[in-house]
Chemist: 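Below is one structure. I have some questions about it.
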Amino acid sequence: MTTVAGLYFDGRTSRAHRVNLTVEAGVVRLSGETERSCPLDQLHVSEPARHIGRKVTFPDEAYFEVQDAAAFDTLLEQTGYRDSSVVRMQRSRHGILFGVIATILVLVLGYLYLLPFAADAIARHLPAGVERTISKGTLEFLDQHVLKPSRLPAARQAEIVDHFRNLAPPQAGAPSYEIVFRSSRIGPNAFALPSGQIVLTDELAKLLDDDEIMSVLAHELGHLHERHLMRRLVQSSAVGAVVTLLFGDVSAVVANIPTVLLDMKYSRDAERDADDYAIAMLKTNGIPLSHMADAFEQLKRKEGDGGMPYLSTHPPTAERIAHIRQAE
Ligand SMILES: [Zn+2]
């Protein structure tokens, strides 16, 4: 039977014992400066790695460091030991190439499919407190930098709130929301924060008539219903932030949100979903869809005037307007 030279460490002191390792009838024996034996199946053999000697670890953390690598390989063969498939694969060129391709594939597929899926799942399962904290931080930031207190008369604000409250949602499970009025440097605008606050600017309230405002609010409610912003935030905040979110320290994420919000374009799918929600809501309440199309056309025209328009976040494209007109 093969003898493997090496060093034995008892795991408690740094002293090295010069020993030889042999295997007989399923039992490993060390002999030399110290003696020890142990059944083969209780030992752990470290994976082979370049420039690092392999280790055989005993149940009590004592270990044998292989010095004669060739003899050790022979011994492993004799005892029928198999490295894990990963190790065997790493050793072959094809294996390496395969590993690289597989890793890239996993990353690409993960980005395309898993991340949105995970973001959706995370967004749906975040504790309400996290959403509130995030939204509070965002609104505070916007109030400091972009928004000003509304100058819309309280009676007019109440009118808009009541009007929207009296509309029936298009389907069960409508999200809870609160309409928040602000004046802005960003022109006619509306957007929904994850906690359910829908920010409506005075400029938008003045530009549009009531049914048009209802269309915009319904669209925002659609975003809330689908949790688009939260999903988007989770996605764009990437892995580190997700971890942060999960472990509860949201301050770093909060700091990041206004940038994301202002810089963000909802995806075409998200816009389409929110539009469909709004279309269904208007139909449910007998409001002609032409009001919604008119609203977006006016906002689109404003955009042409060079103001900062109804959101870079919901670009009112011709495609969207056509979709609304077709739904009539
Ligand atoms: Zn939108």
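Both counts, for ligands and for their atoms, begin at 1 and track the order of listing.
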Chemist: Identify, by name, the N, O or S atom of His223 lying closest to the Zn ion (ligand 1).
Modeler: NE2

Chemist: Identify, with sequence neighbours excluded, every residue that meets ring-ring contact (aromatic ring centres under 6.0 Å, His included) alongside Phe164.
Modeler: Tyr177

Chemist: Rounding to 10°, state the angle centred on the Zn ion (ligand 1) that links OE2 in Glu271 with NE2 in His219.
Modeler: 130°

Chemist: Find out whether the Lys NZ or Arg CZ of Arg54 is both under 6.0 angstrom from the six-membered ring centre of Phe72 and within 45° of the ring's axis.
Modeler: no

Chemist: Are Tyr8 and Phe64 close enough that their ring centers fall under 6.0 Å?
Modeler: no

Chemist: Is Lys300 reaching over with its side chain to a backbone N or O of Ile321, donor-acceptor style, under 3.5 angstrom?
Modeler: no

Chemist: Between Glu220 and the Zn ion (ligand 1), is there a contact where an N/O/S atom of the residue lies under 2.8 Å from the metal?
Modeler: no

